[in-house]
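Heads up, the thing below is written out as structure tokens.
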Amino acid sequence: MAAKDPADVGALLRQLPSVEEVLQEPTARALLERLPRWAVLDGVREALERARRQILTGGAPPEDLAAAAAALAEAKARPSLRRVINATGVILHTNIGRACLPEAALQALLQAGRAYSTLEFDLEAGARGSRQVHVEGLLRRLTGGEAAFAVNNNAAAVLLAINTLAEGREVIVSRGELVEIGGSFRIPDVMRKAGGLLREVGTTNRTHLHDYEAALSERTSLLLTVHPSNFAIVGFTAAVPLAELTDLGKRHHVPVMVDLGSGALADLSPYGVTGEETVPAVLRQGPDLVTFSGDKLLGGPQAGLVVGRRALVEKLRKNPLARAVRIDKLSLAALEATLRLYLEGPAAVEAIPTLRCIALPAAAIRARAEAAAGAVRAAGGDLRAEVIPGSSEVGGGASPTETLPTFLLALRSRSRAADALEAGLRRHDPPVLARIKDGDVLLDLRTVAPEELPVLTAALRALAAPVT
Ligand SMILES: *Cc1c(COP(=O)(O)O)cnc(C)c1O
């Protein structure tokens with residue numbers, strides 16, 4: 001763009017309205033009826049500031065300043081943490097909040113947030129109590145562990161356990177298990193921060209019992225095994241069965257800990273998730289401690305759960321770090337309510353959204369997809385909707401190589417590229433998250449709850465509506 005005469009720039013700047021003038025315009029006045037005053041003011045100020053900068057850099061001022069201010073005000077008034085519709089088919093997706101809570105858990109956390117509670121108060125004794133009592137008995141009963149302890153998340157559970165049992169001493173881990181989970185949780189880094197000295201054994205693809213045995217010394221404090229979570233090593237591989245490792249630990253009086261990651265309480269093999277042993281099944285193989293997450297396959301709130309031998313759990317409890325990683329009251333309330341649902345046995349599958357999503361038969365997903373495809377076709381426009389077979393992922397580090405059969409709604413347009421369609425869904429309110437494959441936008445309705453279907457249909461109609 002050609003440089004403007006400084007006199008023109010001055011004139012353009014003088015033509016800009018004042019904040020007060022913009023606020024008097026009908027657009028802004030209508031906005032003030034709906035949005036908080038601070039958001040409208042911020043929006044107007046920012047729109048004016050942008051216009052000034054545009055003029056100073058030789059550009060033209062915006063045609064409709066009030067509309068620009070309105071868009072900014074809308075964005076400022078909206079919460080930053082927003083609900084999204086998950087049409088990705090990944091059931092446990094860390095970036096969008098992992099498990100959706102059961103209704104009973106939502107009620108419990110609402111109650112715990114609204115009123116005072118027996119969080120750390122023993123009503124019988126009229127004295128201070130422990131927040132752990134609300135979940136310890138349930139966790140023992142559901143896992144078969146001798147004792148249990150809940151903390152902020154599983155990363156904190158691993159940190160606390162290593163710091164308690166292995167500070168300044170060696171922890172033996174197989175090279176094939178030195179994993180990174182979600183970019184920020186790396187076993188070697190957590191080990192260092194916890195004060196444990198990593199003693200790697202075996203190779204990336206093969207580790208044998210004699211590798212562990214050869215590494216044992218008077219410096220050894222812990223044998224650690226880590227669920228590989230988000231990857232699988234296939235081909236020429238060897239790992240030591242847990243029962244053999246725990247046997248080795250017992251013979252040498254060295255505790256064995258399993259970082260299980262996802263940690264299922266229910267057997268999910270009837271629904272096609274066969275690669276995950278349940279927490280009780282893992283405990284039966286004799287490890288001293290098992291740690292797992294509350295918001296992965298368990299389907300509850302963010303939490304880290306430690307179950308296992310009482311003497312070790314007591315040591316963790318007494319570590320001053322336990323206070324720094326303690327579970328908050330809202331999560332605790334939601335966790336207790338979620339665990340109670342497991343006491344109902346198979347009925348828990350219906351009450352816990354994560355399990356319900358896993359158990360959902362492909363035929364039911366197909367019916368949802370067909371209904372959505374019908375809505376797209378009825379809307380007219382050039383959006384083509386097809387229902388095709390595909391696969392959903394459990395996510396959350398469970399069964400990295402396993403998928404669940406599903407049906408996908410595939411969208412394609414002659415006039416718009418797949419990434420434009422995907423972005424259109426993402427900019428809807430509430431945003432709809434989908435994926436792109438081979439030029440198609442794919443929506444998996446396994447992870448869209450029945451009550452969300454009308455919202456999804458509205459987003460699809462808006463996308464399909466002929467561009468005018
Ligand atoms: C997910 C995972 C973690 C971290 O758990 P958070 O609850 O996210 O802190 C640690 N270890 C393994 C093996 C995992 O899969």
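Atoms within each ligand, like the ligands themselves, are counted from 1 in listed order. The basis for the numbers below is simple: all heavy atoms, side chains too, and nothing from hydrogens, waters or symmetry mates.
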State whether Arg219 and Glu170 are salt-bridged, where the test is any N-O pair (Lys NZ or Arg NE/NH1/NH2 against Asp/Glu carboxylate O) under 4.0 Å.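 Salt bridge flag = yes for Glu170 with Arg219.
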Between Glu276 and Lys296, is there a salt bridge with N-O shorter than 4.0 Å?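 Salt bridge between Lys296 and Glu276, a charged N being under 4.0 Å from a carboxylate O: no.
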Intermediate values then yes/no, side-chain hydrogen bond (donor to acceptor under 3.5 Å, both in side chains), Gln111 and Gln107: CA-CA 6 Å; Gln111 179 78 6; Gln107 292 306 323; over 6 Å; no
Expected rows: ligand 1 N/O, protein N/O, dist below 3.5 Å:
unit_1   : atom_1 : unit_2 : atom_2 : d
ligand 1 : 5 (O)  : Ser293 : OG     : 3.2
ligand 1 : 7 (O)  : Asn154 : N      : 3.0
ligand 1 : 7 (O)  : Ser293 : OG     : 2.7
ligand 1 : 8 (O)  : Arg98  : NH1    : 2.9
ligand 1 : 8 (O)  : Arg98  : NH2    : 2.9
ligand 1 : 9 (O)  : Asn153 : ND2    : 3.3
ligand 1 : 9 (O)  : Asn154 : N      : 3.2
ligand 1 : 9 (O)  : Ala155 : N      : 2.8
ligand 1 : 11 (N) : Asn154 : ND2    : 3.4
ligand 1 : 11 (N) : Asp259 : OD1    : 3.2
ligand 1 : 11 (N) : Asp259 : OD2    : 2.6
ligand 1 : 15 (O) : Ser229 : OG     : 2.5
ligand 1 : 15 (O) : Lys296 : NZ     : 2.8

Could you tell me if Asn154 and Thr291 have a donor-acceptor pair between their side chains, going purely by distance under 3.5 Å?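 Side-chain D/A pair, Thr291 to Asn154: present.
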Between Arg356 (side chain only) and Glu350 (backbone N and O only), is there a donor and an acceptor less than 3.5 Å apart?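 Yes; at least one donor-acceptor contact below 3.5 Å.
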All salt bridge (Lys or Arg N to Asp or Glu O under 4.0 Å) counterparts of Arg384, not counting sequence neighbours: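 Salt bridge (Lys or Arg N to Asp or Glu O under 4.0 Å) check on Arg384 returns Glu386.
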